[in-house]
Amino acid sequence: MRLSQFHLATVKETPADAEIVSHQLMLRAGMLRKLAAGIYTWTPLGLRILRKVEAVVREEMERSGAIEMLMPSIQPRELWEETGRWKKFGGQLLKLQDRKKQFFCYGPTHEEVITDFARNELKSYRQLPVNFFQIQTKFRDEIRPRFGVMRAREFLMKDAYSFHLDQECLAREYRNMFATYTRIFTRLGLRFRAVKADTGAIGGQASYEFHVLADSGEDAIVFASESDYAANIEMAQAKPSNALRESPTEPLYKQPTPTQKTCEAIAELLNLPLCKTVKSIALMSGSEFILALLRGDHTLNEIKLARRLNLTEYRMANEEDIDHYLGTTPGFIGPLSPHRPIRVVADLEVANMANFVVGANQTGFHYSGVNWGRDLPEPEQIADIRNVVAGDLAPDGGGYLSIIRGIEVGHIFQLGSQYAESMHAVVTDDQGHARTPLMGCYGIGISRIVAAAIEQNHDAAGIIWPTSMAPWSVAICPINTQHGTKVQDAAESLYQDLQNRNIEVVLDNRGLRPGPMFSDMELIGIPQRIVVSERGLKQGLYEYRARHRPDNEYLDYTTLLERIQT
RNA sequence: CGGGGCGUAGCGCAGCCUGGUAGCGCACCACAAUGGGGUUGUGGGGGUCGCGAGUUCGAUUCUCGCCGCCCCGACCA
């Protein structure tokens, strides 16, 4: 590519609303232009990179045996009503109407469409197993789109759906996809980690998320120091300490705490460690009042809570509820002597505490020296409902847990039969009986990967592309071309030569001064740069520099060609 | 959806409080000089001041409504 024939659109100033570095650099490098909230145009440069990611994903999916197809982005309401998701998917589903007032949605995912396809196409067990994939634009009407293409409303995704007669076969494909994803992210040059995850709205049993590791990641991921245990914070468990509960030694005492409403303030007032306090979280599920108890230094994991208590819907209690059930005001609530009967759920750790502090259900007071069995009944329900913290014991005994940030770029699920069942997809088995196939589903956020890669690979000058994603692998920069044609000719012939060798090369023939030219090439992250200059040519030398290194190498033509990596 | 903020040239911003038809930097165009890290000079083009109503002799400026965008929170494959 000659840059004079390309639309390079770098800008000096960072638009004010770009918060994270990948968004800023994608804008400055001119890969992206915003059209509306969470909706972006990919420029020619951006598209080259997006296509690179796509190509790697496509190649590896095909190598794994999956078959590419393309489903529509617009989907009819009827399909979504068959699975109940027209309502259940919620506000993220963008609904549309055509001229006949028929309802459609812009596909946020394609389980319905593929299952419809499968029930029409797949008749016999002989056609199974099969794994269909597509690379398609999706739309999810995110509550708060942010960080550019990292959390956009419109985005490019690879999604794959597999069909199987039995669980064992599904599990085999699931492992196959795990291996495929590992190859994909490795080839893309990303530092990543696979973690156990919640299955969320898509449903199903087993699920792994693939996270690119980056401090700016929106997800917290947990891993063990001495084993390969890794899980999303939503799923991560800690091994409860097997120490026996201490025996009650302190008397129950009502402490005046006139203004202390938080565990932190109580701990400070009473000069106690935070872990001797218990925080009470008041919830309403339907007409039931639930008090969830957590150690003062822990936080509630709402996903675990909903799961363990089998709650489909709940909300935080408001002041009225608290007054009604506990007869007090927020900040002083606790499980002792509620005004009316309530349901108490204690976290595993709380159930094992002794001589602790809780709210007294009386404004301005907390109890200290509280003990289970003596001052209040043993908790009626004990469950793991907290977020793990760094330093907790790993659940498999593999040392201690650490928490790092990650960007979710892939997710694999064993969906099971729910979609096939609700949409009546069946195949005939070798006995001639109709069987409901089991499904797996496997997603990769193509556009998100581009942003994630930048989060991991950049410096003060700009992006540093992993070779597999770079828009070009080499940039040729002719310098001071105004004194005759020597430099230009040499650059041109080098350009031709590299092209003949199938190296993706860009020639910066825009006639810029060296400063702007270099900084553009650095900003857009071309991994290798060759400077052609009069002064170098006199000695028969070219100046070679790798993007991730600060120093130049002066090489003759033969060595230069050897030095260049494809 | 709740709270906060912002909409003035392609981008970044000033002007608004105290009404009198708009300015700066970058970018863009032309010419000239310069030529190894965003060079310099001269000249130039570009804005119904988000939209609508109201107040006023007069509204970018004051008031109300709407729309869009951003941040925090809730939420989320």
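In what follows, chains are A, B, ... by sequence order, proteins preceding strands, each numbered from 1.
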Item to complete: Please give the nucleotide sitting opposite B:C69 as a Watson-Crick or G-U wobble pair, both distances under 3.5 Å, or none.
Response: B:G5
Discussion item. What contact category does A:Glu19 fall into here, base, sugar-phosphate, or nothing, at under 4.0 angstrom with non-hydrogen atoms?
Written reply: sugar-phosphate
Discussion item. Let's test this: given Watson-Crick or G-U wobble pairing with both distances under 3.5 Å, identify the partner of B:C31.
Written reply: B:G41
Worksheet item: Expressed as a whole number of Å, how far does the P atom of B:C1 sit from that of B:G38?
Response: 50 Å
Item to complete: Whole angstrom is fine here: how far is it from NE2 in A:His411 over to C1' in B:C76?
Response: 13 Å
Discussion item. Nearest to the side chain of A:Ala37, heavy atoms from C-beta on, is which of B:C75, B:C71, B:C70?
Written reply: B:C70
Worksheet item: Taking atom C1' of B:C71 as reference, at what distance in whole Å does atom NE2 of A:His23 sit?
Response: 14 Å
Discussion item. Can you tell me if A:Arg140 touches the phosphate of B:C76, counting only side-chain N or O atoms and a distance under 4.0 Å to OP1 or OP2?
Written reply: no
Item to complete: Mark yes or no for a side-chain to base donor-acceptor pair under 3.5 Å between A:Arg151 and B:C76, with no hydrogen or angle criteria applied.
Response: yes
Practice prompt. Grab the CD1-C1' distance between A:Ile407 and B:A77 for me, whole Å please.
Written response: 16 Å
Worksheet item: Expressed in angstrom and rounded to an integer, what is the separation of A:Lys88 atom NZ from B:C76 atom C1'?
Response: 16 Å
Worksheet, complete the sentence: Paired to B:G25 by Watson-Crick or G-U wobble criteria (both distances under 3.5 Å) is B:C11
Worksheet item: Would you call A:Arg58 and A:Glu68 a salt bridge, using N to O less than 4.0 angstrom?
Response: yes
Response to the item:
From the candidates B:C11, B:C75, B:C76, the one with an atom nearest any side-chain atom of A:Glu13 is B:C11
Response to the item:
Here the distance between atom P of B:C70 and atom CG of A:Leu35, to the nearest Å, is 12 Å
Discussion item. Return the pairing partner of B:U61 with a 3.5 Å limit on both distances, Watson-Crick or G-U wobble; otherwise return none.
Written reply: none
Practice prompt. Have a look at A:Arg33 and say if it touches a base, only the backbone sugar-phosphate, or nothing, with a 4.0 Å heavy-atom cut-off.
Written response: nothing
Worksheet item: Looking at A:Glu492 and A:Arg2, does any basic side-chain N land under 4.0 Å from a carboxylate oxygen?
Response: yes
Item to complete: Measure the distance from CG on A:Leu27 to C1' on B:G12 and round it to the nearest whole Å.
Response: 13 Å
Discussion item. With the threshold set at under 4.0 Å for non-hydrogen atoms, list the residues of residues 71-82 of chain A touching RNA chain B in residue-number order.
Written reply: none
Discussion item. Please report the distance, rounded to the nearest Å, between CG in A:Leu300 and P in B:C75.
Written reply: 10 Å
Worksheet item: When every nucleotide of nucleotides 34-42 of chain B is labelled 5' to 3' by its protein contacts under 4.0 Å (heavy atoms), B for base, S for sugar-phosphate only, - for none, what sequence of letters results?
Response: BBBBBB---
